[in-house]
Engineer: 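For reference, the structure I am asking about is given below.
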Amino acid sequence: MPKAILLVHAGAGQVPENTPKDEEADCKGALQSALAAGYKILHNGGNSLDAIEAAIKIMEDFPLFNAGKGAIIANSGQCELDAGIMEGKNKKAGAVANITIAKNPISVARAVLENTEYVLLSNIGANKFAQEYDLEIVEPSYFYTPRSLEKLRQAKEDEANIMPTKLGTVGAVALDKEGNLAAGTSTGGSRSNKRFGRIGDSAIIGAGNYADNKTCAVSCTGYGEIFIRNVIAYDIAALMEYKGLTLEESANKAIHSKLPKDSGGLIALDKDGNYAMPYNTAGMRRGYITTSGESETFIYE
Ligand code: ASP
């Protein structure tokens with residue numbers, strides 16, 4: 001397997017027959033743009049944190065992914081976004097939960113990491129922080145797309161269905177020339193019409209996101225409550241550190257042995273550039289790029 005320096009994902013769970021072909025091509029194009037942006041930074045000697053932020057911002061701005069612009073709408077009628085970011089060199093982390101006015105929640109999470117003694121800011125406090133740090137602010141209407149409004153309408157009709165069939169969180173993991181790993185995850189949440197105030201795994205360090213230079217960087221996607229209960233991102237690092245498993249063994253164990261079927265997937269990269277992208281759903285939008293710039297994107301097998 002070639003060694004990778006950057007992996008991206010844009011959600012696990014698509015049901016093949018429901019996804020229009022042109023939409024799949026657009027999604028793969030957005031994954032490629034994200035990989036190219038991150039690669040440019042890494043190739044020029046930039047750091048892994050910059051690379052994942054650049055990659056994730058591109059995916060947050062893409063309307064077909066459930067993060068940033070394309071986020072699903074909560075039952076409050078608002079988009080409540082979660083994001084987390086972590087660097088493996090010093091295990092510093094930053095996260096925001098239920099932020100409602102930031103164009104790019106991943107950048108706010110990064111500002112929390114870099115400028116505060118805290119790890120997680122939520123809702124009004126996170127909004128205020130984003131304003132104070134001069135991060136790009138948008139009107140709530142920025143997030144309303146015909147697609148997200150239609151999904152909200154459908155979800156309200158189908159209140160009983162709590163297991164999402166189509167997920168779309170975005171994430172990236174990277175390894176820079178200094179050997180530093182970083183991981184980031186950003187989402188609109190588990191599903192349209194989610195309960196106001198609900199916080200998912202993407203904002204919870206160790207659950208949906210983790211990085212430690214000793215072991216690996218991980219970004220998860222799927223049914224957030226299951227990922228939180230099983231502390232999945234950290235679990236992979238712990239299996240490597242304490243049990244001596246390889247990255248691939250650890251990632252597969254977490255997704256295929258520990259989690260129930262159809263709960264989600266993850267991308268993981270270790271300090272030597274070994275990578276894994278397991279999922280237990282019908283598909284997962286994902287891609288990798290190697291040191292020499294060879295890249296590939298996938299949705300299904
Ligand atoms: N894990 C995200 C959440 O539960 C959703 C997803 O990955 O699609 O908020």
Side-chain angles (χ1 to χ4, degrees), residues 7-15 18-19 27 30-31 56 59-60 62 64-76 78-85 95-100 105-106 109 120 122-123 126 143 147-148 151-152 155 161-173 183-210 218-236 254-255 259-260 262-268 277-286 299:
L7 312 178
V8 293
H9 75 76
Q14 295 76 21
V15 181
N18 292 352
T19 310
C27 290
L31 290 174
I56 291 175
M59 295 189 284
E60 285 178 336
F62 180 67
L64 295 182
F65 295 157
N66 172 18
K69 173 76 182 156
I72 53 90
I73 305 172
N75 71 357
S76 59
Q78 273 198 316
C79 288
E80 301 179 359
L81 313 166
D82 295 342
I85 195 163
V96 286
N98 289 335
I99 191 166
T100 58
I106 197 69
L120 174 59
S122 74
N123 197 255
F143 298 107
R147 182 187 167 87
S148 60
K151 284 194 175 303
L152 177 65
N161 179 15
I162 57 150
M163 200 72 176
T165 51
K166 182 157 185 158
L167 312 167
T169 294
V170 305
V173 292
T185 311
S186 179
T187 189
S190 54
R191 62 185 180 97
S192 293
N193 205 30
K194 70 173 178 179
R195 191 182 172 98
F196 169 58
R198 177 260 187 196
I199 296 171
D201 61 315
S202 313
I204 309 291
I205 300 302
N209 202 58
Y210 192 73
V218 182
S219 170
C220 302
T221 170
Y223 195 114
E225 283 70 15
I226 296 177
F227 281 73
I228 293 173
R229 288 185 209 122
N230 288 283
V231 204
I232 285 299
Y234 175 70
D235 201 50
I236 293 163
I255 289 297
L259 295 186
D262 285 332
S263 50
L266 56 85
I267 52 174
M277 305 192 282
Y279 55 95
N280 60 30
T281 47
M284 180 168 83
R285 297 175 184 137
R286 63 202 187 280
I299 299 182

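Keep in mind that the numbers below use all heavy atoms, side chains included, and drop hydrogens, waters and symmetry copies. We count ligands from 1, going down the list as the structure has it; atoms in each ligand are counted the same way.
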Engineer: Check ligand 1 against G168 and write out every atom of the ligand that is under 4.0 Å from a heavy-atom position of the residue.
Structural biologist: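 Going through ligand 1 atom by atom, the ones under 4.0 Å from G168 are 8 (O).
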Engineer: Compare I199, T185, T169, V170 and give the one whose heavy atom is closest to atom 8 (O) of ligand 1.
Structural biologist: T169
Engineer: Under 3.5 Å, N or O to N or O, is D82 touching ligand 1 that way?
Structural biologist: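 No; the residue has no nitrogen or oxygen that sits under 3.5 Å from a nitrogen or oxygen of the ligand.
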Engineer: For ligand 1, is K194 a contact, meaning one of its heavy atoms is under 4.0 Å away?
Structural biologist: no
Engineer: Taking the side chain as every heavy atom from C-beta outward, state whether I267 and M284 have any pair of such atoms under 4.5 Å apart.
Structural biologist: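 Yes, their side chains come closer than 4.5 Å.
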Engineer: Which option out of H9, M284, R198 puts a heavy atom nearest to atom 9 (O) of ligand 1?
Structural biologist: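 That would be R198.
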Engineer: Using a 3.5 Å cut-off on N or O atoms only, is N66 in polar contact with ligand 1?
Structural biologist: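 Between N66 and ligand 1, no N or O pair is found under 3.5 Å apart.
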Engineer: Do you know which two heavy atoms are closest between S148 and A71, and how far apart they sit?
Structural biologist: CB-O, 3.5 Å
Engineer: Working to the nearest 0.5 angstrom, can you tell me the gap between S263 OG and I226 CD1?
Structural biologist: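 S263 OG to I226 CD1: 5.0 Å, rounded to 0.5 Å.
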Engineer: Could you say whether the N/O atoms of G222 and ligand 1 ever approach to under 3.5 Å?
Structural biologist: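 Checking ligand 1 against G222, an N or O pair does fall under 3.5 Å apart.
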Engineer: Give a yes/no on ligand 1: does G189 have at least one heavy atom closer than 4.0 angstrom to it?
Structural biologist: yes
Engineer: Starting at CG of D82, measure out to NZ of K194 and round the result to the nearest 0.5 Å.
Structural biologist: 5.0 Å
Engineer: Are any of the N/O atoms on G224, whether in the backbone or the side chain, positioned under 3.5 angstrom from an N/O atom of ligand 1?
Structural biologist: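 Yes, there is a polar N/O contact under 3.5 Å.
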Engineer: What pairs with T185 under side-chain hydrogen bond (donor to acceptor under 3.5 Å, both in side chains), at least two apart in sequence or on another chain?
Structural biologist: N209, S219
Engineer: May I ask you to decide if S122's main-chain N or O and N98's side chain share a donor-acceptor pair within less than 3.5 Å?
Structural biologist: no
Engineer: Taking N or O atoms only and a 3.5 Å limit, does E225 qualify as a polar contact for ligand 1?
Structural biologist: no
Engineer: Please name the pair of heavy atoms, one in C220 and one in I232, separated by the smallest distance, quoted to 0.1 Å.
Structural biologist: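 Smallest interatomic distance, heavy atoms only, reads SG-CG2, 3.9 Å.
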Engineer: Quick check: closest heavy atoms across L120 and I204, and the distance to 0.1 Å?
Structural biologist: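 Smallest heavy-atom distance, with atoms named: CD2-CD1, 4.5 Å.
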Engineer: For ligand 1, which atoms, with element, lie under 4.0 Å from some heavy atom of T221?
Structural biologist: 6 (C), 7 (O), 8 (O)
